[in-house]
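For reference, the structure discussed in these notes is given below.
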Amino acid sequence: MTEVLTSEANSAEPVPFIDLKAQYQTIRDEIDQAVHRVFESQGFILGDEVSGFETETARYCDSLAAVGCASGSDALLLALLGLDLGPGDEVITSPFTFFATAGAICRAGATPIFADILPDTFNIDPQAIENAVTPKTRALMPVHLFGQCADMDPIWRTATQHGVTIIEDACQAIGATYHGRMAGVLGRVGCFSCFPTKNLGAAGDAGFITTDDRELASRMARLRVHGDSGGYSHHEVGFNSRLDSLQAAVLRVKLAFLDEWSDARRENAAHYRGLFSQYELEDVITLPQEVPELRHIYNQFSVRVHDNRRDEVLQSLRADQIGCTIYYPQPLHLQACFAGLGGQAGQFPESEKAAAEVLALPIYAELPLSHQERVVHGIAVALGREKATGPVTYSFDMPDSRAA
Ligand SMILES: *Cc1c(COP(=O)(O)O)cnc(C)c1O
């Protein structure tokens, strides 16, 4: 029997993990005009662009206030400092996240206390949080990993019971919702990153903070300018973490398209589900779980590869010029810089297992279906399953492609 290669999935066209140029093509004129506008004004620091972005982003996130800052990492740090967290205070968070989550806690002088994740969502386990609470606990910092909100209901209960505050690491989750409520207003304060690969990506580093607490908002706005309350009057020491006006201008353009882009990511996720089910890889690949009533915005589409075959699949895809990557290969409790916290291998088994199994696939809004077919086909090839289904033909009603 001859293999008939009917699909582009079998072509050798490289599949990038993310293609920022494809997005730029679609909004080139608006971005160029926004950049031009800032250059014409020569107003590069704060001003109307930043306050305009703050107003628009607060409206988008359904918060009373938003404060622009230099990065998502600084958003976390400003939130911690704004809430007076520091030496002697414990902040409970996930060990399966980007480094900055725990890095910010340490930079504030506080101590990160890790609580393991739930295997289905990769998000922090509320019961593990409850178990980690001590008299020194001052805040909980759930991370809405990959763009889906953590299970906030029991987290709220724990926070209330112990009188501690919630800081959301919503860096990957702009526009995600939890039972209809926006990420960023699910705690006292929400921290966002506009790193270029986030759903709302700047032309460089940028971030912002959301809160319904106006007093806290003005304190964080003051901390980002060295604690200057105006007229070089410093009542506390802050640092420089302003959002560049250029970045604000770029982000204001992009904010208008954000929901469209996130919906396209959600559609791509649905395509992957259709493709994977066609290839019948369920025994080796687990797809990311979408929790009912939560809007997942798919900053990442991370699958699990079982049977210790993740690295093999990764290498095979890369050899085939298919972009994929690992978020995150090492949980934070095992990072050398946190050795002082006493983390041990085996301490957070779900996080360690996830780190060994996850593989993030391309999911950006402009990703062509032919690329998605190539990704899934590539995974099937890597796992020695490509013959099982024959040539790839994918459509929404998923006809049985093996019938012929
Ligand atoms: C991106 C990210 C950050 C840090 O954001 P930067 O803008 O890169 O500083 C923090 N936490 C999480 C979960 C992130 O994904």
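Each ligand, and each atom within it, is numbered from 1 in the order the structure gives. These figures come from a predicted structure and were not determined experimentally.
Remark: among candidates A206, C171, A173, the nearest residue to atom 12 (C) of ligand 1 is C171, based on non-hydrogen atoms.
Below 4.0 Å from some heavy atom of T97 lie the following atoms of ligand 1, by number and element: 13 (C). When each atom of ligand 1 is checked for a heavy atom of V143 under 4.0 Å away, the hits are 13 (C). Ligand 1 places these atoms under 4.0 Å from at least one heavy atom of S71: 7 (O), 9 (O).
In terms of polar-atom proximity, S193 is counted as a contact of ligand 1, with an N or O under 3.5 Å from an N or O of the ligand. When only interatomic distances are considered, the shortest N/O to N/O separation between G72 and ligand 1 falls below 3.5 Å.
In this structure, Q42 places its CD atom where more than 12 heavy-atom neighbours from other residues, nucleotides or ligands lie under 6.0 Å away.
Put simply, CG on N123 and OG on S94 are 7.5 Å apart, with the number rounded to the nearest 0.5 Å. Taking CD of E54 as the start and OG1 of T210 as the end, the distance is 11.5 Å to the nearest 0.5 Å.
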What side-chain donor-acceptor pairs closer than 3.5 Å can you find for residues 112-120, not counting sequence neighbours?
residue : atom : partner : partner atom : Å
D116    : OD1  : S351    : N            : 2.9
D116    : OD1  : S351    : OG           : 2.6
D116    : OD2  : E350    : N            : 2.9

Anything under 3.5 Å between a donor and an acceptor, one on a side chain of residues 333-341, the other on a protein residue two or more places apart or in another chain? List them.
residue : atom : partner : partner atom : Å
H333    : NE2  : E352    : OE2          : 2.7
Q335    : NE2  : Q330    : O            : 3.3

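Looking from atom 9 (O) of ligand 1 to the surrounding protein, the closest heavy atom is S73 OG, 2.5 Å. Closest to atom 11 (N) of ligand 1, if we only count protein heavy atoms, is D169 OD2, 2.8 Å. Counting only heavy atoms of the protein, atom 15 (O) of ligand 1 lies nearest to Q172 NE2, 2.8 Å.
Between L251 and A206, the shortest heavy-atom contact is CD1-CB, 4.0 Å.
A 4.5 Å side-chain heavy-atom check between Q278 and E373 finds every atom pair outside the cut-off.
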Would you check, one step at a time, whether the test side chain to side chain contact (heavy atoms under 4.5 Å, CB included) holds for F301 with R265?
-> CA-CA 9 Å; F301 188 88; R265 286 169 178 266; over 6 Å; no

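By the criterion of a heavy-atom distance under 4.0 Å, the side chain of A100, and not its backbone, is placed next to ligand 1.
At a 4.0 Å cut-off, at least one heavy atom of K198 sits close enough to ligand 1 to count as contact.
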